[in-house]
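A note on names: the letters A, B, ... follow the listed sequences, proteins ahead of strands, and every chain is numbered from 1. Nothing here was measured: the structure is a model prediction, and the numbers come from that model.
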Amino acid sequence: MSKTLIASFAQKLLVWHQAHGREGLPWQGIKDPYAVWISEIMLQQTQVATVLERYPRFMARFPTVKQLALAPIDAVLAEWAGLGYYSRARNLHACAKQVMEQFSGTFPSDPRLLESLKGIGRSTAGAIAAFAFHERAPILDANVKRVLARLFAIEGAIEEKKVNDLLWGLAQELLPTDSERMPVYTQALMDFGATWCTSRKPVCLSDAYVCTFAKQCQANLSNQVLMLPQKKVKAKSPEFDADLLLMRHQNAVLLQRRPEKAIWGGLWSLPESPWRAKANKVDQEIQGHFFSPEEILKLTLPNENAELGHKDYQQVILGERIKHVFTHRRLWMQIWHMNSAKAVQFTDENLRWVSLHQLGQYGLPQPIKLLLQGLNPVRDDE
DNA sequence: AAGCCGGGGAG
DNA sequence: CTCCCAGGCTT
């Protein structure tokens, strides 16, 4: 490795940051560990533009770790709805309780202790320690992995442990000696990866600017920038079909809480059939139109079918067909509309009638939220 | 080591 | 369309 580059990297990066760093992001320059922690979790795998709107809202709703710890999980999930990766919200809540109980409500500064908390891995621990406590702890997010893989022309898929260990070692070596520089250095590193050393349109390949590291970057010197970092090829995501029951009783709709381990874990959604491998076109047309009300109930509410007796509903109407794309799956949801003559009381606490006006209090999957927003409430005087 | 977990923006 | 992202957890 280039000793010269390692020795001069932090200083050069800081000079770059002074001229080209991002400004005006609401979580920049924050010292409150709680506020730093929320921003770091929210920004995991999530775009800045999205977080820009949601971060202030979350902080206003849960201003302190104590208030977050005392809040019901449904309130946290409702505030998190639409952000995805809902284990983050569940872990956030659990972590707040941990901080209250194990650390008397004060975040520890030691990255190893931070890493012992729910939902905080090595990189997030490093970020919190650096931003809030000026600790000389490295981060290794996608930005840093890309920057380092290019600077040092590191071969091999970054998913491999050997490569990952190498990157962590470099991230540690490159840290500024002066711990007081850690917040701005960490911010600069992310800014550089996010705005200059980007995945598909890095500055070194345009003529807008000359990259600060053009003469040191091994990938640039060997014309390999777009080929690094290397990644393993992912399998094509499988496709599934599912049937969802949209049961209404006046202004209320029947919601069901999803199991924690599943996709959309812990959120409230419509009763849903098991997923099945997507059928071909002919099968779709055959199945699509021949479900009876009994069959829909049996598919989506197998254990509650008896409670929701046959006399309580009239007919089933073939509704929307919604395509939803996940990172590793594609799902086609067939919505079946039914009306219930009465609001059957369920013994299952995971089933609940919810007024259309109170949907905001529930964490709903984004496509379900959009679907239910399109429903017209029945007027009270009708 | 590999799979799982969302959603939206960029190209 | 595909790829990408201020990752971490589970198996």
Side-chain angles (χ1 to χ4, degrees), chain A residues 22 25-28 30 36-55 77 80-92 94-95 114-128 130-131 138-147 156-165 167-168 171 183 186-195 197-202 205-206 226 229 231-238 258-267 269 275 323-331 363-370:
Chain A
R22 287 180 292 189
L25 303 179
W27 49 87
Q28 283 178 344
I30 290 177
V36 172
W37 169 57
I38 298 295
S39 73
E40 288 303 324
I41 301 297
M42 195 172 281
L43 282 158
Q44 284 175 3
Q45 303 292 295
T46 308
Q47 300 229 170
V48 166
T50 304
V51 175
L52 217 45
E53 301 178 356
R54 302 296 297 266
Y55 175 73
L77 284 170
W80 203 265
L83 284 168
Y85 284 134
Y86 298 96
S87 65
R88 290 186 295 172
R90 300 195 300 273
N91 286 332
L92 211 57
C95 179
L114 287 166
E115 204 178 335
S116 74
L117 297 168
K118 291 275 189 187
I120 299 181
R122 187 173 172 185
S123 187
T124 300
I128 299 172
F131 283 129
I139 60 168
L140 192 63
D141 61 12
N143 285 317
V144 182
K145 286 176 183 173
R146 186 174 55 254
V147 170
I158 53 174
E159 292 89 346
E160 292 172 17
K161 176 169 164 49
K162 198 176 81 177
V163 177
N164 196 250
D165 288 347
L167 291 169
W168 272 113
T186 304
Q187 186 63 53
L189 200 48
M190 292 196 217
D191 286 357
F192 182 69
T195 63
C197 195
T198 64
S199 182
R200 291 194 265 187
K201 274 181 62 181
L205 297 183
S206 79
L226 289 185
K231 295 185 178 179
K232 291 188 174 176
V233 278
K234 292 168 189 168
K236 193 189 173 193
S237 47
R258 302 180 61 81
E260 280 212 355
K261 289 181 181 175
I263 207 160
W264 292 320
L267 270 63
S269 185
W275 295 13
K323 180 189 178 185
H324 193 73
V325 179
F326 302 101
T327 307
H328 295 298
R329 273 148 180 55
R330 295 155 195 270
L331 176 65
L364 305 171
Q366 192 65 357
I368 304 303
K369 182 181 173 182
L370 295 175

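- Scanning all heavy atoms of the two residues, the minimum distance from A:V147 to A:C197 falls at CG2-CB, 3.9 Å.
- Whole-Å rounding puts the A:Q47 CD to B:dG8 P distance at 10 Å.
- Residue A:T46 is classed as a base contact, given a heavy-atom separation below 4.0 Å to a base.
- Rounded to whole Å, the distance from CD on A:E40 to P on C:dC5 is 16 Å.
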Output one line per pair: protein atom, nucleotide atom from nucleotides 9-11 of chain C, and distance, for all N/O pairs under 3.5 Å.
| residue | atom | partner | partner atom | Å |
| --- | --- | --- | --- | --- |
| C:dC9 | OP1 | A:G119 | N | 3.0 |

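- Nucleic acid contact for A:K231: sugar-phosphate only, since backbone atoms but no base atoms lie under 4.0 Å from a heavy atom of the residue.
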Might you work through the side-chain contact (heavy atoms from CB on, under 4.5 Å) test for A:L52 and A:Q47, ending with a clear yes or no?
CA-CA 9 Å; A:L52 217 45; A:Q47 300 229 170; over 6 Å; no

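- You'll find that the side chain of A:K161 is closest to B:dA1, out of B:dG7, B:dG6, B:dA1.
- An OP1 or OP2 oxygen of B:dC5 is reached within less than 4.0 angstrom by no side-chain nitrogen or oxygen of A:R88.
- Summary of the strand contacts: A:K201 and A:Q45 both lie near DNA chain B, and taking for each the nucleotide with the nearest heavy atom, the more 5' one is attributed to A:Q45.
- Within 4.0 Å (heavy atoms only), A:Q366 reaches sugar-phosphate atoms of the nucleic acid but no base atom.
- The base of C:dC3 sits with one of its N or O atoms less than 3.5 Å from a complementary donor or acceptor on the side chain of A:R200.
- Between the CE atom of A:M42 and the C1' atom of C:dC5 there is a distance of 16 Å, rounded to whole Å.
- Residues passing the ring pair (Phe, Tyr, Trp, His ring centres under 6.0 Å) test with A:F131, sequence neighbours excluded: none.
- Contact annotation: side chain of A:T124 to base of C:dG7, donor-acceptor pair absent below 3.5 Å.
- Residue-level contact check: A:R146 touches the backbone only, with heavy atoms under 4.0 Å from sugar-phosphate atoms and none from bases.
- Where A:L370 and A:E160 each meet DNA chain B at their nearest nucleotide, the meeting point lying more 5' is that of A:E160.
- Phosphate contact (OP1/OP2 of B:dG6, side-chain N/O of A:W80, threshold under 4.0 Å): absent.
- Within 4.0 Å of A:A127, counting heavy atoms only, lies no atom of the nucleic acid at all.
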Could you go through A:I120 and A:W37, starting from their C-alpha distance and side-chain angles, then the distance that decides it, and tell me whether this counts as side-chain contact (heavy atoms from CB on, under 4.5 Å)?
CA-CA 9 Å; A:I120 299 181; A:W37 169 57; 3.6 Å; yes

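- Set against C:dG8, B:dC5, B:dG7, the side chain of A:S123 has C:dG8 as its closest nucleotide.
- No contact: A:G193 has no heavy atom under 4.0 Å from any strand.
- The NZ-P distance, from A:K145 to C:dC5, rounds to 10 Å in whole Å.
- Of all nucleotides listed (C:dT2, B:dG6, C:dG8), C:dG8 comes nearest to the side chain of A:Q44.
- Within the 4.0 angstrom heavy-atom criterion, no nucleotide atom of any strand lies near A:R90.
- With no hydrogens or angles considered, no side-chain donor-acceptor pair links A:R146 and A:T198 at under 3.5 Å.
- Among the heavy atoms of the strands lying under 4.0 Å from A:S199 are primed sugar atoms or P, OP1, OP2 only; no base atom is included.
- Residue A:K232 has its side chain nearest to B:dA2 when only C:dG7, C:dC1, B:dA2 are considered.
- At a threshold of 4.0 Å, the pair A:D141-A:K145 does not count as salt-bridged, since none of the basic side-chain nitrogens sits closer than that to a carboxylate oxygen.
- A donor-acceptor contact closer than 3.5 angstrom links the side chains of A:Q187 and A:D191.
- Atoms OH (A:Y86) and P (B:dC4) sit 19 Å apart, rounded to a whole Å.
- In this structure, A:L83 reaches the bases: a heavy-atom distance under 4.0 Å links it to at least one base atom across the strands shown.
- For A:Y85, the ring pair (Phe, Tyr, Trp, His ring centres under 6.0 Å) test picks out no residue, with sequence neighbours left out.
- Rounded to whole Å, atom P of B:dC5 lies 16 Å from atom CG of A:L77.
- The shortest distance between the side-chain N/O atoms of A:H328 and the OP1/OP2 oxygens of B:dG6 is not below 4.0 Å.
- Remark: A:K231 does not engage A:E159 in a salt bridge, criterion side-chain N to carboxylate O under 4.0 Å.
- Distance CE (A:M190) to C1' (C:dC4): 17 Å, rounded to an integer number of Å.
- Rounded to an integer number of Å, the gap from A:W37 CH2 to C:dG8 C1' is 14 Å.
- Comparing C:dT10 with B:dG6, their P atoms sit 14 Å apart, to the nearest whole Å.
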